[in-house]
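For the numbers below, each heavy atom of this structure counts, side chains included, while hydrogens, waters and symmetry mates do not.
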Amino acid sequence: MIRRVTAALALASLLSSCDEAKKIAGEATSAVREQVSKAAGSQGTSEVADPALEKLVDRNEEGVVFRKDLPFPHRVDVRTTIRREINGRFYQTSEIEKRAEPIKGIRVSIYRIERSPDSFRHTVEQASFSNPTEEDPEGTKRLVDPLEQIAPSDKPRTFRKKAGKWTTDDSEGFRAAALSKQLAPSLDSLLVEDGVSPRPIWFGKKRVKPGEELSISGDSLAMLIAGHPTGTLKLRLESFEPIHGHPCGVFSVSGDFSRKQFPDYDGNFADEDVTIQSGKVWLSLIHPVVLKWDLDTIQTSRHGDKGNPSSRLQGTVKLTLTREWRIPSK
């Protein structure tokens, strides 16, 4: 991580990029945005914590401890649902043309990761992009996703760790072997991001009460964002609420961050400059994992092969990400 002066320069660059995104986002019509919000639906919850997990929470009248002392499970099964309501502008560059056009719609990704000590399996359950209209308010007509440089694999892919390096099974073919070579340096960060490995930095032993605020930057950003981010985020503990039965502390969050060359499991890499205008994040009370985000953001992101971005998005992104985190019975 970089020091304070360098972080300030990076943040200034980030804010300049986000100012441009704000200008573009402001040109979009409100009518389509309202349709997109309607199609997204309410993300509220009235869940009750799992009694067995609730017993592990360390909370009293002085506040709560966000625990990191419990052994992290050797086997974890996490199903992640991500919904992005996108309203902005899309730029693409190829060897024969450059183009720019508006982009509005809902991008939905659902995938599952089953983790064991030295392997994990990644399965895509849904990957879709739709554009709600008055005739189709739910966005049932699926469109080609302009942000996908590589189509997601429609079959499970297994990665194994051998001699400290991630590889795919030999039976999965040349494409999988090339992908594992490309992703190997980043897979540990991806597993942290997706909650199947613990965050390397978490809260201390000090109890936290609702209403307390903290600002995180530098190395501390790894609490929330994987992939060596820069920037500053401000948190305020608001309440306690379970996600799929898992007890969490709910924080309001705002601020800015950026990160470079962060991958997905299909070999797409992204540079991201993000302003969180408002939102919430749900942090586990018993393990160092992030279980939910609900954010209104302004973003500039560049996508493509590693070191060679070929497309760019600028605009507003309303993000809802939820993880169903559980320990398999066997």
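Both cation-pi conditions hold for Arg312 and Tyr91: the charged atom is under 6.0 angstrom from the six-membered ring centre and inside a 45 degree cone around its axis. Judged by the 6.0 Å and 45° rule, Arg121 forms no cation-pi pair with Phe159.
The closest side-chain donor-acceptor pair between Ser197 and Arg115 falls under 3.5 angstrom. Judged by distance alone, the side chains of Thr322 and Thr81 never bring a donor and an acceptor atom under 3.5 Å apart. For Glu238 and Ser252, the side-chain atoms include at least one donor-acceptor pair closer than 3.5 Å. Asp194 and Tyr265 are linked by a side-chain donor-acceptor pair at a separation below 3.5 angstrom, with hydrogens and angles left out of the test. A side-chain N or O of Ser119 and one of Ser116 form a donor-acceptor pair less than 3.5 Å apart. Judged purely by distance below 3.5 Å, without hydrogens or angles, the side chains of Asp256 and Thr275 pair a donor atom with an acceptor atom. Side-chain atoms of Asp273 and Gln299 form no donor-acceptor pair, as typed in the model, at a separation below 3.5 Å.
Other residues, nucleotides and ligands contribute at most 12 non-hydrogen atoms within 6.0 Å of the NZ atom of Lys280. Residue-environment remark: NZ (Lys161) exceeds the threshold of 12 foreign heavy atoms within 6.0 Å.
Lys162 and Asp118 are not joined by a salt bridge, as no carboxylate oxygen comes within less than 4.0 angstrom of a charged side-chain nitrogen.
Taking the ring centroids of Phe120 and Trp166, they lie under the 6.0 Å cut-off. Ring-centre distance between Trp325 and His287: below the 6.0 Å cut-off.
Here the options are Arg259, Arg302, Lys260, the test is salt bridge (charged side-chain N to carboxylate O under 4.0 Å, His left out), and the partner is Glu272; only Arg259 passes.
Of the possible donor and acceptor atoms, one in the side chain of Asp264 sits under 3.5 Å from a partner among the backbone N and O of Gly267.
Residues passing the salt bridge (Lys or Arg N to Asp or Glu O under 4.0 Å) test with Asp58, sequence neighbours excluded: Arg207.
Linking Ile, Leu, Val, Met, Phe, Trp and Tyr whenever their side-chain heavy atoms come within less than 4.5 Å puts Ile286 and Phe66 in one cluster.
Using a 4.5 Å heavy-atom cutoff, the side chains of Leu224 and Leu283 are in contact.
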Derivation of the salt bridge (Lys or Arg N to Asp or Glu O under 4.0 Å) call for Arg326 and Glu324: CA-CA 7 Å; Arg326 67 184 187 89; Glu324 184 177 353; 5.4 Å; no

